[in-house]
Amino acid sequence: MTTITVTVNGVRYTSEVEPRLLLVHYLREHLNLTGTHIGCDTSQCGACVVHINGVSVKSCTTLAVQCDGAEITTIEGLAHNGQLHPLQEGFWEKHGLQCGFCTPGMIMAAADLLKRNPNPTDEEIRHGLEGNLCRCTGYENIVRAVRYAAEKMAATQAAD
Amino acid sequence: MTATELKERLVGRALKRREDPKLITGHGNYLDDIKLPGMLHIALVRSPHAHAKIVSIDASKALAMPGVVAVFTGKDMLDINPMPAAWQAAGVKNYPVPPRALAVDKVALVGDPVAMVVAEDRYTARDAADAVEVEYEPLPAVVDARKAVEPGAPQIHEAAPNNIVFEWECGNKAAADAAIASAEVVVKEEIINQRLIPTPMETRGSIARYDALTGEWTVWMTSQAPHVHRLLLTAFVFGVPETKLRCIAPNVGGGFGQKIFCYNDMAFTMWAARKLGRPVKFVEDRSENYKYSTHGRDHITEAELAGTRDGKITGLRVKTWANIGAYFSTVAAGIPTTLYGRIITGVYKIPAAYVHVTGAYTNTAMVDAYRGAGRPEASYLIERMVDRFAAEIGMDPAEVRRKNFIQPEDFPYDNGLGLLPYDSGNYEPALNKALEIAGYAEFRKQQAELRQQGRYLGIGISSYVEICGIAPSAWMGGQGWGAGLWESANVRVHLTGKVVVTTGSLPHGQGLETTFAQIVADELGVPYEDVEVQWGDTQGTPFGYGTYGSRSLAVGGVAIKRSVDKIKEKARKLAAHLLEANEADIVFENGRAYVKGSPDKGKTIGELAAAAAVAYNLPPGMEPFLDETSYYDPPNCTFPFGTHVCIVEVDPETGHVKLLRYIAVDDCGNQINPLIVEGQIHGGIAQGLAQALYEGAVYDEDGQLLTGTLMDYAVPTAAMVPHIETDYTVTPSPVNPLGVKGAGEAGTIASAQCVMNAIIDALAPFGVKHLQMPATPERIWKAIHGK
Amino acid sequence: MIPAPFDYYAPTSLAEALTLLQQHGDDAKILAGGHSLLPAMKLRLAAPSVLIDINRVAELRGIKVNGTVEIGAMTTWSAIEHHAALAKACPAMADAVGLIGDIQVRNRGTIGGSLAHADPAADMPAVVLAVDAQIHVEGPNGPRAIAAADFFTDMLSTALEPGEIITAITFTSHGPGEGSAYAKFPHPASRYAIVGAAAYVKMENGQVTACRVAITGAGPKAERQTAVEQALIGTDGSADAVAAAAAHAGEGMEMLGDIHASEEYRRAMCKVYAKRALLKAIERAR
Ligand SMILES: Cc1cc2nc3c(=O)[nH]c(=O)nc-3n(C[C@H](O)[C@H](O)[C@H](O)COP(=O)(O)OP(=O)(O)OC[C@H]3O[C@@H](n4cnc5c(N)ncnc54)[C@H](O)[C@@H]3O)c2cc1C
Ligand code: FES
Ligand code: FES
């Protein structure tokens with residue numbers, strides 16, 4: 001067992017973990033943050049994407065021990081003061097989800113994408129989300145949702 | 001609001017979904033999110049062999065590991081029955097061999113579970129499963145349905161001689177034989193509809209809890225049909241009354257058919273929970289899902305289509321080998337028979353057609369319904385053959401379609417294959433609209449020019465019809481289905497005017513909470529926010545057969561409407577009484593019952609609900625409360641249709657296909673929520689075009705699944721799916737009062753052949769007439785290079 | 001989905017990491033980005049009893065570009081992808097890195113990890129061969145440099161000795177008249193390379209004076225395509241000359257075959273992708 005201290009969605013936790021514990025299991029089983037999902041066992045699907053120190057990562061392919069001292073954001077931590085993140089809003093407005101299973105990972109991945117490229121083309125959105133599989137939507141509305149968020153974020157920035 | 005001012009109707013509006021807020025914030029509640037106090041975890045020991053005798057199982061090392069509670073094998077569970085075989089092929093002898101909770105004595109596929117470890121946590125369970133030692137005596141395996149029924153093939157089950165599950169036919173053999181024998185033109189093709197893995201992003205699993213004092217279970221399950229699972233698990237597997245089991249489907253992360261069926265884990269978690277007196281959880285890994293949960297399609301077909309030189313189709317003869325997999329899954333036999341053979345002629349008037357299907361056991365994962373279920377196989381076949389025929393006689397494929405379409409005046413149309421009559425349709429406008437959006441004539445010119453420059457573009461057309469709202473119980477009884485297929489719903493208007501709808505349907509992405517609320521709010525004239533839709537728990541929802549076959553709106557939705565109608569009727573009676581008016585003079589409109597001619601003299605539904613609930617002043621004989629349940633068994637299925645068109649470019653050097661445009665014109669009858677309809681179409685198309693281009697489950701000769709993970713099985717990413725252009729025609733269904741048909745599977749049913757027809761059109765200069773799916777770059781490259 | 005148990009160390013210096021590796025010998029594995037190792041461990045295809053996580057070894061990270069490019073072994077794909085000077089110094093590397101996996105894989109995966117793992121379908125081996133990189137390693141016997149051409153010995157095998165850690169990759173920045181490119185046929189599911197071709201050319205006075213081409217994905221290990229190179233050097237680098245030279249791609253190479261691409265097809269695609277990479281490299285060199 002190893003002791004780790006992590007900050008998840010702004011809350012500090014100190015936990016005893018087995019070195020082999022995957023970050024996704026730490027979040028889901030130890031911290032009860034079940035918004036981060038598991039969809040595969042080969043690091044392909046992206047249902048598990050979270051941010052570690054602001055960078056999107058597949059939490060099924062990261063050990064919890066590696067996150068000692070890190071800041072982690074999960075889907076539960078994306079909304080601020082009850083205000084949905086523009087991406088959450090976009091997915092809702094544009095019907096970017098059906099069963100919703102891929103959605104948390106998809107939104108976290110899209111957030112990283114927009115950070116790097118605030119004004120992506122549709123093609124850039126599609127390529128930027130290659131690490132996330134959605135079986136329900138055919139992606140059309142996911143692309144629209146991300147575009148909605150990009151426009152909204154640009155408008156807010158212009159207003160600031 | 002005055003009585004005459006119409007409340008804005010919600011039906012037909014693209015409302016955003018009420019299900020979403022919790023799902024976009026990470027507060028959904030999927031199966032694996034559920035934790036019960038004292039819960040144990042199950043890991044399975046699965047066979048690495050496709051076909052073998054189990055010689056011995058030694059669990060001593062596993063049992064010695066700290067945290068391991070128990071190890072069980074199939075022999076421990078002989079006190080429960082195998083899974084039920086609910087839908088057998090109609091009118092012929094079936095040889096159903098459904099799976100047991102765990103394999104006994106023999107395994108029949110890679111991944112067949114032979115033992116289960118129960119441990120305090122999932123990491124320990126996994127470690128211990130690896131420590132269980134199993135000795136096998138391997139047997140020869142067979143994976144191909146056609147080879148499985150040949151003499152000398154390895155025999156999988158004693159109870160199914162020659163690996164035959166059933167031999168079934170429909171249509172008129174003599175007429176089809178004659179049409180083909182006397183035809184001016186006959187085209188013949190071997191058409192393979194490859195095996196697919198449904199791949200809902202959430203894998204499957206079950207959690208069971210048992211109360212020894214009452215003898216009652218609660219089971220949480222990834223399920224599209226919890227009421228059916230409750231019935232099957234109690235009445236058939238455990239032999240106990242269904243009142244002993246409560247099934248709960250929490251949020252379900254996609255199903256696409258795979259979560260319709262009754263699976264072994266439902267049974268072994270129940271069995272273990274009872275045995276150990278603690279709740280137990282089992283959740284598949286993705287590779288377990290790929291190996292053991294059901295697959296779809298997997299047909300080998302010899303097809304012959306006959307016609308005249310001027311483009312009239314005169315006959316169709318089809319012989320299909322349908323792979324059923326290692327065991328009989330819940331509704332496995334209904335898919336390649338009723339839902340395939342009976343609609344094989346598609347949108348065309350074909351005077352003579354005959355279908356023969358052999359269902360075969362093989363050493364592979366069970367095959368059962370996957371999005372579209374039988375109908376994609378049928379429409380792929382006919383649409384490919386029609387294109388093949390058009391090419392043969394040198395006629396434009398759009399023209400051949402027009403020449404053979406069933407005409408508007410032919411409805412209701414009996415296709416002569418034992419199906420109920422097609423309800424309504426008007427196929428040509430959808431075709432024309434799709435071609436117009438695509439700029440068909442212009443494209444043909446451009447295509448010819450580009451060919452001169454060595455660029456190979458192609459256009460594909462797919463005109464489809466499918467069967468939705470699968471229901472009429474009296475008809476389904478004759479189709480070998482061992483139950484009904486009606487739906488029910490309860491609608492209650494509470495004292496405060498708030499409406500609660502409970503349904504036996506099971507939304508898992510289809511947005512039914514939103515759609516149903518739209519219907520109820522309109523029909524009752526109450527605010528949308530005041531309508532709550534509940535589902536998923538067999539305790540508290542009326543019986544329903546579940547959500548699949550694009551039936552929840554056309555059947556479940558109508559049950560809701562009927563309950564609302566009953567409530568309105570009762571409200572009218574009550575209003576007449578309270579207003580001291582004649583019942584015949586009361587009108588119900590906009591959530592208000594009033595006296596005809598004097599609209600200010602009325603009562604709102606809220607007032608009436610309160611009056612009905614407090615019951616101080618009811619007409620003689622009226623029971624309190626506005627609370628009505630309906631059971632709806634429609635007179636017919638519905639038959640959505642449409643035409644999809646796509647344009648591709650093939651890179652002749654590598655064989656890569658680029659999807660340049662994808663246009664879908666669908667007719668699903670009336671639309672309650674166009675946003676949701678469009679989403680269903682998009683998702684369906686992505687799955688169908690993925691069959692055409694990317695996906696295919698492959699076993700080697702020994703029965704090893706070569707596409708056992710997402711590293712090898714190509715579920716498309718966003719970059720592999722094109723922008724999709726949608727449009728509609730609207731032909732209301734006369735079958736139900738909502739005029740709806742269904743949209744859940746249409747995209748999948750239409751799209752695979754649309755893409756394949758486009759690719760084959762692009763490859764016409766190379767003399768390519770047919771290609772099997774998936775049209776991988778290598779397949780195309782080989783076709784171009786004549787290899 | 002669940003790895004077998006192991007002990008975990010997170011050294012903060014290279015020296016410490018080397019000592020740990022020495023202590024634990026064969027039972028230990030270095031953990032870099034973990035995007036090859038952890039998936040293998042989750043499927044229990046690998047079960048090391050000790051993991052030595054070198055993510056906290058700061059000295060192994062970073063990119064320096066002047067006349068020479070130096071990339072620390074623990075530099076992530078993302079860091080490489082977004083390094084403008086590096087993209088100019090070696091466009092082939094930028095091409096290749098942008099096509100690796102997905103954003104999340106690139107946020108974790110490292111160049112050192114990729115080279116050490118030597119997956120036959122990995123992209124970077126072709127690039128380091130084409131730019132004739134030096135792979136710097138440090139082990140019990142001190143540091144040494146291995147030429148890329150000598151590094152990949154077989155499927156998943158390299159010239160690394162037990163106890164050695166890759167520390168950096170160096171190669172010469174492209175100068176005027178030099179160009180490089182990477183062209184990839186991705187696997188439809190894993191997105192690794194079914195065939196990947198990296199090309200480097202030097203053009204002087206309208207003539208190809210130097211050329212290196214390497215292919216990954218097609219065979220058990222990435223390999224230089226000397227027959228292609230020789231056929232192209234001395235030509236004018238025209239489309240015809242490139243096509244003729246690229247027709248030698250894959251010659252003498254053992255080909256892999258699987259359900260996604262047969263040996264025959266891979267062999268054909270080696271020629272197509274070598275051609276595409278060369279055309280692009282020449283365009284950039286001009
Ligand atoms: C979904 C997915 C898609 C991918 N797609 C691609 C792709 O398209 N193209 C591609 O090239 N790769 C791809 N990869 C692989 C990815 O790039 C890996 O990250 C990379 O190959 C290994 O780097 P790593 O840092 O993750 O190494 P690790 O997984 O940490 O280590 C790999 C091996 O190298 C050893 N090792 C690591 N670092 C050192 C060192 N400095 N010295 C000595 N030994 C060391 C480890 O002990 C281990 O044996 C993909 C991976 C995933 C999960
Ligand atoms: S769970 Fe699929 S990538 Fe992490
Ligand atoms: S919404 Fe179901 S997987 Fe994306």
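Just so you know, these numbers come straight off a predicted model, no measurement behind them. Labels below follow one simple rule: chain letters A, B, ... track the order of the sequence lines, proteins then strands, and each chain is numbered from 1.
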**Q** How long is the span from the CG atom in B:Asp712 to the CD atom in A:Gln44, to the nearest 0.5 Å?
**A** 8.5 Å

**Q** Counting only heavy atoms closer than 4.5 Å, note whether B:Leu675 contacts chain A via side chain, backbone, both or neither.
**A** both

**Q** Determine whether a donor-acceptor pair (N or O, by modelled atom type, separation under 3.5 Å) exists between the side chain of A:Arg28 and the backbone of B:Asp32.
**A** yes

**Q** Would you say the side chain of B:Arg17 lies within less than 4.5 Å of the side chain of A:Leu97, judging by non-hydrogen atoms?
**A** yes

**Q** Please classify the contact of A:Tyr139 with chain B as side chain, backbone, both or neither, using a heavy-atom distance under 4.5 Å.
**A** side chain

**Q** Out of B:Ala14, B:Ala686, B:Gly253, which one racks up the most heavy-atom pairs below 4.5 Å with chain A?
**A** B:Gly253

**Q** Could you tell me whether a side-chain N or O of A:Glu140 sits under 3.5 Å from a main-chain N or O of B:His682, the two making a donor and an acceptor?
**A** no

**Q** Measure A:Thr137 against the heavy atoms of chain B and call it side chain, backbone, both or neither at under 4.5 Å.
**A** backbone

**Q** Below 4.5 Å from any heavy atom of chain B, which atoms of A:Leu21 appear? Answer side chain, backbone, both or neither.
**A** both

**Q** Tell me which of these, B:Arg286, B:Arg122, B:Glu284, B:Lys35, has more heavy-atom pairs under 4.5 Å with chain A than the rest.
**A** B:Arg286

**Q** Looking at every heavy atom in both B:Leu710 and A:Cys40, which two are closest together, and how far apart are they?
**A** CD1-CB, 3.6 Å

**Q** Can you find a pair of side-chain heavy atoms, one from B:Met720 and one from A:Glu130, that are under 4.5 Å apart?
**A** no

**Q** Heavy-atom cut-off 4.5 Å, strictly under: side chain, backbone, both or neither for B:Val252 against chain A?
**A** backbone

**Q** For A:Arg135 and B:Val715, indicate whether the former's side chain and the latter's backbone hold a donor-acceptor pair under 3.5 Å.
**A** no

**Q** When rounded to the nearest 0.5 angstrom, what distance separates CZ in A:Phe91 from CD1 in B:Ile24?
**A** 9.5 Å

**Q** Non-hydrogen atoms of chain B under 4.5 Å away: do they reach the side chain of A:Glu18, the backbone, both or neither?
**A** side chain

**Q** When rounded to the nearest 0.5 angstrom, what is the spacing between CZ in B:Phe256 and SG in A:Cys99?
**A** 6.0 Å

**Q** Is it the backbone or the side chain of A:His25 that comes under 4.5 Å from a heavy atom of chain B, or both, or neither?
**A** side chain

**Q** State, with a plain yes or no, whether a side-chain heavy atom of A:His95 is found less than 4.5 Å away from one of B:Lys16.
**A** no

**Q** Out of B:Gly28, B:Gly747, B:Pro716, which one racks up the most heavy-atom pairs below 4.5 Å with chain A?
**A** B:Pro716

**Q** Which one wins on heavy-atom pair count under 4.5 Å against chain B: A:Asp41, A:Thr103, A:Ile142, A:Leu33?
**A** A:Asp41

**Q** Is chain A contacted by the side chain of B:Asn251, its backbone, both, or neither, given a heavy-atom distance below 4.5 Å?
**A** neither

**Q** For B:Ile681, is it the side chain, the backbone, both, or neither that has a heavy atom closer than 4.5 Å to a heavy atom of chain A?
**A** neither

**Q** Considering only heavy atoms from C-beta outward, does the side chain of A:Leu22 approach that of B:Tyr123 to under 4.5 Å?
**A** yes

**Q** Who wins among A:Asp122, A:Thr34, A:Ile125, A:Ile38 for the most heavy-atom pairs under 4.5 Å with chain B?
**A** A:Thr34

**Q** Would a 4.5 Å heavy-atom cut-off, applied to side chains only, mark A:Ile75 and B:Thr25 as touching?
**A** no

**Q** Check for a donor-acceptor pair, side chain of A:Arg126 on one end and backbone N or O of B:Val721 on the other, with a separation under 3.5 Å.
**A** yes

**Q** When you look at CD of A:Gln157, are more than 12 heavy atoms from neighbouring residues, nucleotides or ligands closer to it than 6.0 Å?
**A** no

**Q** So which part of B:His508 gets closer than 4.5 Å to some heavy atom of chain A, the side chain, the backbone, both or neither?
**A** backbone

**Q** Heavy-atom pairs under 4.5 Å with chain B - which of A:Arg20, A:His85, A:Lys94, A:Met106 has more of them than the others?
**A** A:Arg20

**Q** Could you tell me if the side chain of A:Cys102 sits less than 4.5 Å from the side chain of B:Glu202, heavy atoms only?
**A** no

**Q** Can a donor-acceptor pair be found, under 3.5 Å and without considering hydrogens, that links the side chain of A:Gln98 to the backbone of B:Gly679?
**A** yes

**Q** For a quick test of reading the model, state the closest non-hydrogen atom pair linking A:Gly100 to B:Tyr30 and the distance between them.
**A** C-OH, 3.1 Å

**Q** Counting only heavy atoms not in A:Lys115, do more than 12 fall under 6.0 Å of its NZ?
**A** yes

